[in-house]
Amino acid sequence: MESLQREIADSAVFDDEFDFDPTAVQSPADSSQQQLTAPASDTDSDGSAPSDAPLAAGVDQAFLDERAISAVVVLQAGEVVERTHAVTELSIPYIPGLLAFREGDPIVAALETLDCEPDLLCFDGSGRIHYRQAGLATHLGVVFDTPSVGIAKNLLCGTPRESVDGRPAGWRTPIAADDAVDCADGTLIGHAYQSRQYESSGRHINPLYVSPGHRVAAETTVDFVAALCNGYKLPEPTRLADSYADEVKSKLL
DNA sequence: GCGACAG
DNA sequence: ATCTTGTCGC
């Protein structure tokens with residue numbers, strides 16, 4: 001399996017290689033943060049999404065015994081245009097570094113039921129931030145040869161350039177490859193991104209660890225995630241896929 | 001041998 | 001990931 005991951009990493013493209021307009025990737029009318037650009041009036045007067053805006057799909061799983069519920073929610077300019085899911089039997093246990101082999105088939109099953117063809121796939125888990133630079137997001141991005149990004153809540157490997165504790169919303173810092181990563185030390189493999197943060201004292205929210213999946217550069221990956229976040233810790237596509245998976249799961253009980 | 005380790 | 005009440009804060 002490890003050798004297959006190295007082959008996947010070789011086939012992966014960690015640079016921008018997509019058709020759509022990167023500045024058109026976004027969630028609805030951004031409520032809070034984001035220090036990005038001017039208020040582009042790309043939205044049609046009737047409030048519907050521009051038919052040419054890129055399709056961003058969020059993919060996430062919920063589990064029930066030895067079954068996986070893989071959910072996919074596709075957004076276009078912040079609006080849901082399609083939702084699908086698949087329930088599959090699991091055969092492989094969770095092993096750090098081999099997550100794609102456990103959740104890969106369920107995800108493929110769910111994506112195959114999709115009517116549209118997403119321009120960008122957002123996965124829960126790492127992409128290039130992986131021992132062999134072939135995390136879940138990279139693995140599936142290559143399989144479908146579709147631009148993809150990895151969004152993880154915890155760091156698998158690599159070293160943040162700065163301490164990540166208690167940072168303000170919008171903050172980001174590079175994640176460099178270290179001894180645990182199969183590439184030159186110091187290589188930029190992703191970023192820690194503070195998508196949300198509490199105003200005053202008390203506890204603080206941990207950052208997101210985002211990395212290129214396939215056909216997207218590290219810097220662009222953070223820009224996409226930042227543009228897809230809308231007040232919550234998780235970007236909209238992922239957040240919706242997450243709750244949809246839970247919804248399907250509860251109806252399954 | 002010990003520690004580290006996405007979901 | 002999942003099992004789960006209350007609790008603190010915006």
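Labels below follow one simple rule: chain letters A, B, ... track the order of the sequence lines, proteins then strands, and each chain is numbered from 1.
- Protein atom CG of A:Asn206 is 11 Å distant from nucleotide atom P of B:dG7, rounded to whole Å.
- By the 5.5 Å and 30° criteria, A:Tyr94 is stacked with the base of B:dG7.
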In a table with atom names and distances, give each donor-acceptor pair under 3.5 Å that connects a side chain of residues 100-111 of chain A to protein atoms at least two apart or in another chain.
| from | atom 1 | to | atom 2 | distance (Å) |
| --- | --- | --- | --- | --- |
| A:Arg102 | NH1 | A:Ile92 | O | 2.8 |
| A:Glu103 | OE1 | A:Gln61 | NE2 | 2.9 |

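- Proximity of A:Asn154 to the phosphate of B:dC5: no side-chain N or O atom is located under 4.0 Å from OP1 or OP2.
- At a cut-off of 3.5 Å, with distance as the only test, no side-chain donor of A:Thr238 or A:Asp60 sits close to an acceptor on the other residue.
- Among the heavy atoms of the strands, none lies under 4.0 Å from A:Leu208.
- The side chain of A:Leu136 has B:dA6 as its nearest neighbour among C:dT2, B:dA6, B:dG7.
- For the side chain to side chain donor-acceptor pair (under 3.5 Å) with A:Thr159, the qualifying choice from A:Asp178, A:Asp179, A:Asp185 is A:Asp178, the only one to do so.
- The distance from atom CG of A:Leu98 to atom P of B:dA4 is 20 Å, rounded to the nearest whole Å.
- The NE2 atom of A:His130 sits 11 Å away from the P atom of B:dA6 (whole-angstrom rounding).
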Would you please test A:Val149 and A:Val210 for side chain to side chain contact (heavy atoms under 4.5 Å, CB included) and show each step?
-> CA-CA 7 Å; A:Val149 297; A:Val210 304; over 6 Å; no
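- Spacing between atom CD1 of A:Ile95 and atom P of B:dG7 amounts to 16 Å, rounded to whole angstrom units.
- When each of A:Val73, A:Leu228, A:Leu121, A:Val74 is checked for a side-chain contact (heavy atoms from CB on, under 4.5 Å) with A:Pro237, only A:Leu228 meets the rule.
- When heavy atoms are screened at a 4.0 angstrom cut-off, A:Ala180 is found touching no nucleic acid atom at all.
- Ring to ring, A:Phe224 and A:Phe18 are close: their centroids are under 6.0 angstrom apart.
- When heavy atoms are screened at a 4.0 angstrom cut-off, A:Tyr131 is found touching base atoms of the nucleic acid.
- Side-chain nitrogen and oxygen atoms of A:Lys249 include none within less than 4.0 Å of the OP1 or OP2 phosphate oxygen of C:dA1.
- Atom CG in A:Asp178 sits about 11 Å away from atom P in B:dC5, given to the nearest Å.
- Rounded to whole Å, atom P of C:dT2 lies 7 Å from atom CZ of A:Phe63.
- A:Phe101 has its CZ atom 17 Å from the P atom of B:dA6, to the nearest Å.
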Output field dot_bracket for DNA chain C (Watson-Crick or G-U, both distances under 3.5 Å, | for other-strand pairs) contains ..........
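- When distances are taken from the side chain of A:Asp246 to each of B:dA6, C:dT2, B:dG7, the shortest belongs to C:dT2.
- Here B:dG7 presents its P atom at 18 Å from NE2 of A:His139, a figure rounded to the nearest Å.
- Between A:His204 and A:Tyr198, the distance from one ring center to the other does not fall under 6.0 angstrom.
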